[in-house]
Amino acid sequence: MSSMPGTLAEQMAYLTKGAVDVVRGSELRAKLEQAAGKERPLVVKVGFDPTAPDLHLGHTVLIRKMKHFQDLGHTVVFLIGDFTGLIGDPTGRSKARPPLTRDEIDQNADTYRAQVFKLLDPDRTVVEFNSRWLGALRSEDWIRLAASYNVAQMLERRHFRQRYDRGQPIAIHEFLYPLTQAFDSVHLAADVELGGTDQLFNLNVGRDVMPSFDLPPQVVMTVPLLVGLDGAEKMSKSAGNYVGITEPPNEMFGKLMSISDALMWSWYELLTDLPMVEIERLRARVGAGDLHPKQAKQDLGRRIVADFHSDDAAVLAEREFERRFTGGALPSELEERAVVVRPAGARLSAVMVEVGFAGSNSAATRLIDQGSVRVDGERIVDRGARFPPDAGPFVLQVGKRRVVRVIPRPAGREPVEVKK
RNA sequence: GGCGAGGUUGCGGAGCGGUCAAACGCAACAGACUGUAAAUCUGUCGCCCUAGCGGCUUCGGAGGUUCGAAUCCUCCCCUCGCCA
């Protein structure tokens with residue numbers, strides 16, 4: 001990894017790829033130039049919630065942008081906003097969150113590290129906690145900080161503006177919140193701050209406040225929200241349209257292959273390091289019929305899996321996918337489930353429920369009626385199908401994706417199976 | 001504090017005494033077609049079983065009226081508008 005690759009124009013293109021806002025491009029360019037001249041890397045700040053992080057690809061858009069700066073030799077500060085976490089939730093509306101303990105915060109920080117370093121270079125990443133300096137501020141420091149901004153500026157934020165216009169209350173501490181974030185930038189002397197588009201206002205407050213502390217304003221850059229697997233909603237855990245970065249390679253690859261062709265290009269842009277020109281070229285080739293979209297998607301899948309696992313794992317995942325879905329074979333590693341069978345035998349529908357392939361007997365029966373259930377490859381349409389108490393192991397499939405090897409166990413002899 | 005609207009099956013949203021397990025749309029799931037893509041078409045979408053013009057439990061909560069209630073009455077809980 002060379003420390004300063006490419007011309008300034010190339011660096012700019014790399015860093016601003018996929019970004020929504022850049023305030024301002026000219027300043028970023030100047031800072032890059034300066035950094036190169038003085039051989040002093042830029043300090044790039046990004047704040048994160050201290051609440052339990054379980055990252056999915058949506059979060060990695062921002063993390064990847066951090067990586068881009070690292071790739072060009074800059075230093076990234078991974079800032080954990082534990083100050084507010086220690087105090088409890090500050091933003092009115094929502095029900096007060098119980099404050100996190102120091103232990104919880106540290107534990108969450110470790111979880112962050114474990115996930116985030118799949119993309120980031122630990123040597124160029126500084127993990128910080130803002131309680132370190134915010135907790136040490138004296139009353140006069142707070143007043144000085146508050147003096148660096150004014151109400152009119154605060155009301156530029158749409159959320160505040162609306163509430164103010166409607167006569168809804170805005171507590172003073174809500175104004176303090178963006179200011180503390182701004183103070184983080186002051187303390188770190190950040191050159192650049194990155195965040196999601198929803199953070200634009202807060203990031204700009206930092207930019208505005210810094211000159212009052214004799215610092216040049218930070219450059220602000222925002223990245224967009226990633227659209228989830230469904231191609232409609234933003235990726236989120238609650239919507240269920242996400243790909244977790246700790247998911248196993250096969251699962252990850254499978255999910256990636258299920259996205260629509262249209263969505264693929266946005267993911268190429270936001271989830272890979274490929275330059276835009278390269279992506280446009282691929283897209284043109286697909287448009288011209290020169291490259292099959294499925295191939296383009298497989299390439300994308302392999303890249304992403306490689307980022308969070310390894311090149312080998314990615315290749316294997318692709319092969320397994322081909323084998324299984326294009327070739328119609330069973331997965332090479334079948335999960336096994338022991339199922340207790342009473343002397344009277346077991347109904348197929350009950351087995352489906354026990355194995356977790358159906359939520360209820362009724363649901364299982366419907367699936368059988370619809371012809372989606374196979375036992376050892378044979379389609380079963382008899383809703384009353386049962387297995388004798390002495391049945392041997394068999395492969396149970398429901399739909400295309402759900403497969404398991406069922407190991408029948410006679411009831412009574414062994415202790416009831418332990419669930420994990 | 002005063003006035004008004006409303007809480008229905010994952011979401012949105014009908015229903016306003018029986019024919020309601022509850023229209024319709026979305027989401028989801030399955031089948032067909034495919035590139036496990038999208039689109040499209042078809043079906044399913046409370047639970048139980050001996051699977052039937054079957055049984056059971058649902059329409060914020062608790063009571064009540066009625067042969068019969070998601071639909072009417074009483075009380076309670078909650079949400080959302082408007083006024084101070």
Side-chain angles (χ1 to χ4, degrees), chain A residues 57 93-95 162-163 165-169 227-243 247-268 271 282-283 285-287 289-302 304-305 317-332 342 344-375 377-386 396-404:
Chain A
L57 290 184
R93 300 274 184 246
S94 49
K95 304 185 176 86
Q162 283 174 347
R163 284 164 64 193
D165 286 346
R166 288 179 193 157
Q168 291 167 341
V227 173
L229 289 169
D230 56 4
E233 309 274 324
K234 67 171 183 182
M235 183 174 284
S236 75
K237 237 182 147 187
S238 55
N241 60 356
Y242 70 100
V243 183
E247 287 186 43
N250 288 343
E251 226 159 292
M252 200 181 255
F253 193 86
K255 281 191 179 182
L256 292 165
M257 288 305 286
S258 77
I259 65 172
S260 74
D261 290 356
L263 186 58
M264 161 167 76
W265 300 113
S266 146
W267 284 31
Y268 253 111
L271 300 176
L282 284 176
R283 193 172 188 167
R285 284 181 57 203
V286 168
D290 186 28
L291 174 67
H292 196 293
K294 185 194 175 201
Q295 188 57 51
K297 204 179 291 174
Q298 276 179 308
D299 292 344
L300 173 68
R302 219 182 322 107
I304 294 176
V305 173
E318 181 179 22
R319 229 179 262 159
E320 174 74 2
F321 180 85
E322 279 290 300
R323 214 179 70 77
R324 187 165 167 206
F325 294 106
T326 310
L330 289 171
S332 46
R342 301 167 153 281
R347 268 185 321 163
L348 174 59
S349 56
V351 172
M352 287 167 64
V353 172
E354 187 157 353
V355 150
F357 286 176
S360 69
N361 245 301
S362 303
T365 304
R366 275 181 236 122
L367 287 168
I368 296 172
D369 283 343
Q370 291 180 107
S372 70
V373 180
R374 288 167 192 272
V375 171
E378 299 268 337
R379 176 169 291 181
I380 306 285
V381 284
D382 172 16
R383 44 162 61 181
R386 335 184 110 251
L396 174 65
Q397 283 172 277
V398 174
K400 287 171 198 156
R401 308 182 198 195
R402 288 166 285 185
V403 201
V404 76

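Numbered from 1 within each chain, the chains take letters A, B, ... in sequence-line order. The model shown is predicted, which means the values in this text are computed figures rather than measured ones.
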What integer number of Å spans the C1' atoms of B:U71 and B:U65?
14 Å
Walking RNA chain B from its 5' end, the first of A:Gln370 and A:Ser260 to be reached, judged by nearest nucleotide, is A:Ser260
How many angstroms lie between NZ in A:Lys294 and CD in A:Glu322, if you round to the nearest 0.5 Å?
4.0 Å
Mind checking A:Thr326 for me? I need base, sugar-phosphate or nothing, with any heavy atom below 4.0 Å counting as a touch.
sugar-phosphate
How far does the P atom of B:C78 sit from the matching atom of B:G10, given to the nearest Å?
23 Å
Separation of B:U44 atom P from A:Phe357 atom CZ, nearest Å, is 24 Å
Taking CG from A:Asn361 and C1' from B:C48, how many angstroms apart are they, rounded to a whole number?
8 Å
Just how far, in rounded Å, is P of B:A30 from CZ of A:Arg374?
13 Å
Rounded to the nearest angstrom, tell me the gap between atom CG in A:Leu263 and atom P in B:G35.
21 Å
Work out how far the P atom of B:C72 is from that of B:A5, and round it to whole angstrom.
14 Å
A:Leu282 side chain reached by A:Met264 side chain, heavy atoms, under 4.5 Å:
no
Work out how far the P atom of B:A38 is from that of B:A14, and round it to whole angstrom.
32 Å
NA contact type, A:Arg402, heavy-atom cut-off 4.0 Å: base, sugar-phosphate, or nothing?
sugar-phosphate
Across the strands shown, which category fits A:Arg401 at heavy-atom distances under 4.0 angstrom: base, sugar-phosphate, nothing?
base
Interatomic distance, A:Leu229 CG vs B:U36 P [rounded to whole Å]
17 Å
Just the rounded figure in Å: distance from P of B:U36 to CD of A:Glu322.
7 Å
For atom P, what is the distance between B:A51 and B:U36, given to the nearest Å?
40 Å
Is A:Val227 close to A:Leu263 at the side-chain level, that is, under 4.5 Å between some pair of heavy atoms?
yes
Take atom C1' in B:U58 and the same atom in B:G15, then report the distance between them in whole Å.
16 Å
Would you mind pulling out the nucleotide paired to B:C80, Watson-Crick or G-U wobble, both distances under 3.5 Å?
B:G4
Figure out the CZ/C1' separation between A:Arg383 and B:G43, and round it to whole Å.
14 Å
Here's a test of your reading of the structure: between A:Lys255 and A:Ser360, which maps to the more 5' nucleotide of RNA chain B?
A:Lys255
Compare all side-chain heavy atoms of A:Lys255 with those of A:Leu57 and state whether any distance is below 4.5 angstrom.
no
For B:A62, which nucleotide is its Watson-Crick or G-U wobble mate, given both distances must be under 3.5 Å?
B:U74
Does A:Ser258 reach a base, just sugar-phosphate, or nothing at all? Heavy atoms under 4.0 Å.
sugar-phosphate
Starting from P on B:A51, measure out to CD1 on A:Ile368 and report it in whole angstrom.
14 Å
A:Glu320/A:Arg323 ion pair, N-O < 4.0 Å
yes
Expressed in whole Å, how much space separates the C1' atoms belonging to B:C41 and B:G18?
37 Å
With rounding to whole Å, what would you report as the distance between B:U74 and B:A84 at their P atoms?
30 Å
Would you say the base of B:G43 and the side-chain of A:Asp369 have a donor-acceptor pair closer than 3.5 Å?
no
State the pairing partner of B:C33; accept Watson-Crick or G-U wobble contacts with both distances under 3.5 Å, and report none otherwise.
none
At 4.0 Å (heavy atoms only), tell me whether A:Gly254 reaches a base, stays on the sugar-phosphate, or touches nothing.
base
Would you call the rings of A:Phe321 and A:Phe325 parallel, tilted or perpendicular, taking 30° and 60° as the class edges?
tilted
Would you call A:Asp369 and A:Arg366 a salt bridge, using N to O less than 4.0 angstrom?
no
